[in-house]
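In each ligand, atom 1 is the first atom listed, and ligand 1 is the first ligand listed.
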Amino acid sequence: MKALIIVYSYHHMNTEKVANAMAEVLEAEAMPPSSVDPIDIPGYDIIGFGSGIYSARFHDEMLDLSDKLVQVDDGKAFLFSTSAIMGKNKVANDHKAMREKLTSKGYSILDEFACKGYNTNSFLKYFGGMNRGRPNVEDLNNAREFALQIIEQIK
Ligand SMILES: Cc1cc2nc3c(=O)[nH]c(=O)nc-3n(C[C@H](O)[C@H](O)[C@H](O)COP(=O)(O)O)c2cc1C
């Protein structure tokens, strides 16, 4: 199985921590969208797309990359994110634009993962921020467990 993880993370590198935990399990490389050549993507059996959530969506670099992907027949992908606020509908909405772009390129989204990430955006920096210490050990173990379930799905 050839897996790749593409991740955009800059605020506190929260999503990169999640990406690295998943990459370990999937024996995958984790790289930013700027290092990805869209031509190479169809060579992978599974691709994880991850991002911090900024203004209720994946980072523009991830959305732009998905626009550049080559159309595939039956691609397999999963999504993951970290954000300040969690909630089932909120995560589904935060992932929506990315999910729709990938689906339109011929990818099925096998599953989606999200956890809280430390946030000091805007005025929060004056109050010590939100979710300090997240993702924590438990979040990263959940990310590893999620990656194991992805492997089961593509066996
Ligand atoms: C510019 C900016 C915008 C953000 N917008 C949202 C948002 O709309 N919803 C949310 O839940 N969190 C939001 N956050 C919090 C981040 O999603 C959270 O801190 C995330 O873990 C950052 O990931 P990173 O460290 O991988 O970049 C925002 C953070 C920044 C810096």
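Following chains of ILVMFWY side-chain contacts shorter than 4.5 Å, one cannot reach Phe113 starting from Tyr107, and the two form parts of different hydrophobic clusters. A single hydrophobic cluster is not seen to contain both Met98 and Leu110; linkage of ILVMFWY side chains at heavy-atom distances under 4.5 Å, directly or through other members, places them apart. Note on Val70: it does not cluster hydrophobically with Ile41, by side-chain heavy-atom contacts below 4.5 Å among ILVMFWY residues. One hydrophobic cluster holds both Val18 and Leu26 under the rule that ILVMFWY side chains link at heavy-atom gaps under 4.5 Å.
With respect to atom 8 (O) of ligand 1, the closest heavy atom belonging to the protein is Ala56 N, 2.8 Å. Distance from atom 21 (O) of ligand 1 to its nearest protein heavy atom, with residue and atom name: Thr82 OG1, 2.6 Å. Given atom 12 (N) of ligand 1, the protein heavy atom at minimum distance is Ala84 N, 3.2 Å. Regarding atom 27 (O) of ligand 1, its nearest protein heavy-atom neighbour is Tyr54 OH, 2.6 Å. Of all protein heavy atoms, the one lying nearest to atom 17 (O) of ligand 1 is Ile53 O, 2.5 Å. Remark: minimum distance from atom 19 (O) of ligand 1 to any protein heavy atom is reached at Tyr118 O, 2.8 Å.
Taking only nitrogen or oxygen atoms, main chain and side chain alike, Ser9 reaches within less than 3.5 Å of ligand 1. Between Gly52 and ligand 1, no pair of N/O atoms sits closer than 3.5 Å. Between Glu16 and ligand 1, no N or O atom pair is found at a separation short of 3.5 Å. At least one N/O-N/O distance between His11 and ligand 1 falls below 3.5 Å.
Results of the side chain to side chain contact (heavy atoms under 4.5 Å, CB included) test with Tyr118 over Arg132, Met13, Met130 single out Arg132 as the only residue that passes.
For ligand 1, the atoms closer than 4.0 angstrom to any heavy atom of Gly117 are 19 (O), 21 (O). Under a 4.0 Å criterion applied to the non-hydrogen atoms of Thr15, ligand 1 contributes the atoms 23 (O), 24 (P), 26 (O).
At a heavy-atom cutoff of 4.0 Å, ligand 1 is contacted by the backbone of Ser55 but not by its side chain.
Heavy-atom distances between Lys90 and ligand 1 reach below 4.0 Å in at least one pair.
The ring of Phe146 has its center closer than 6.0 angstrom to the ring center of Phe78.
When Asn131, Thr120, Asn121 are ranked by how near their heavy atoms come to atom 30 (C) of ligand 1, first place goes to Asn121. Atom 25 (O) of ligand 1 has its nearest heavy-atom neighbour, among Lys17, Arg134, His12, Met130, in His12.
Residue Gln153 qualifies as enclosed at atom CD: its count of foreign heavy atoms under 6.0 Å is above 12.
Taking 4.0 Å as the cut-off between side-chain N and carboxylate O, Asp139 and Lys116 do not count as a salt-bridged pair. Using a cut-off of 4.0 Å between Lys/Arg side-chain N and Asp/Glu carboxylate O, Lys76 and Asp45 are scored as not salt-bridged.
The aromatic rings of His95 and Phe58 sit perpendicular, their planes meeting at an angle over 60°, well past the 30° parallel limit.
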